[in-house]
Amino acid sequence: MKTQFLGIADLTQVPAVAVVVDVMRAYTVAAWAFARGAEKIVLAGSLDEALALKARNPDWIALKDGPPAPGFDAVNSPGLLRSVDLGGRTVVQKTTAGTVGALAVKEAQLVLCAGFVVAEATAQLLRARGSDSVTFVVTGEDGQADEDLACAQYIAGRADGTATDAGEFLRRGAASRAATELTEGVRQGVHPDDVELCLELDRFPFAMVATSEGSLMVLRPHAMPPLTGEDPA
Ligand SMILES: O=C(O)[C@H](CS(=O)(=O)O)OP(=O)(O)O
């Protein structure tokens, strides 16, 4: 499998297959939203768009990163979201890096959004699709976020059968600047368990697929069957 790892600003062409990685915290949060029952997540391009969508659909849950803000129902924290019942709800998510990265590749034939919590399911879906060329979008820190790059490299390895041990990749996530900022209170809208939750390998058995639905980009879970027999890696 041919792979490239690019920051959002480095995307000069529409990739055929894109895996948008945001470990801390957008796509860990998205996975938790689905685990808590959300039907779908609309990825908003701006705070104004998120608020406009919420105004048109008052039963939707508007979520943003940073501190709580008027008009929004939730923040971008897996630790805070994990106790919220989202059964059947639509979430509108706007974050600094993760949602921006997905919207930057919305023309791709296949867009997956990922973090460590859905790593194996994401790799499994890439294998199932027979993807021979995959662009990983490293969303954080202008493509330099090591938790995102580590997760992307791990998924790439799992997808092409070369990676077996997640330990070093997870250690890089734990040592990343984002982890430090979340732990030391630099970022806002944080629960003390957020870093640990973002580094839970394969917590969920689904990949997350983003598709265009009318003018919106919509993320949905894609259940993957449990692996049987030989480990493909
Ligand atoms: O919520 C997060 O941790 C970040 C926001 S920031 O880097 O703290 O400004 O958003 P994300 O898009 O999930 O990386």
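Both ligands and their constituent atoms are indexed starting at 1 by order of listing. Atom set for the values below is all heavy atoms of this structure, side chains included, hydrogens, waters and symmetry mates excluded.
Between Thr95 and ligand 1, a contact under 3.5 Å exists for at least one N or O pair. Residue Leu182 has no N or O atom closer than 3.5 Å to an N or O atom of ligand 1. At a 3.5 angstrom cut-off on N or O pairs, Gly66 does not count as close to ligand 1.
Lys54 has a carboxylate O that lies under 4.0 Å from a charged side-chain N of Asp73, or vice versa, which qualifies the two as a salt bridge.
No more than 12 heavy atoms of other residues, nucleotides or ligands sit less than 6.0 Å from atom CD of Glu196. For Glu213, the CD atom counts as densely surrounded, since its 6.0 Å shell holds more than 12 non-hydrogen atoms of other residues, nucleotides or ligands. Crowding of Lys106 atom NZ: a count of heavy atoms from other residues, nucleotides or ligands under 6.0 Å not exceeding 12.
Minimum interatomic distance between Ala174 and Ala179 (heavy atoms only, all atoms of both residues): O-CB, 3.5 Å.
Neither the backbone nor the side chain of Glu181 has any atom closer than 4.0 Å to an atom of ligand 1 (non-hydrogen atoms only). No part of Val100 comes within 4.0 Å of ligand 1, judged by heavy-atom distances.
Between Trp32 and Arg82 the shortest side-chain heavy-atom distance falls below 4.5 Å. Residues Met208 and Leu112 form no side-chain contact, since every pair of their non-hydrogen atoms from C-beta on lies 4.5 Å or further apart.
Compare Asp148, Asp65, Asp22 by their heavy atoms: the one nearest to atom 10 (O) of ligand 1 is in Asp65.
Counting protein heavy atoms only, atom 4 (C) of ligand 1 is closest to Arg187 NH1, 3.6 Å. In this structure, atom 9 (O) of ligand 1 lies nearest to the protein heavy atom Thr96 OG1, 3.5 Å.
With ligand atoms numbered from 1 in the order given, ligand 1 contributes 1 (O), 2 (C), 10 (O), 11 (P), 13 (O) to contacts under 4.0 Å with heavy atoms of Asn76. Each of the atoms 13 (O) of ligand 1 lies under 4.0 Å from some heavy atom of Ala26.
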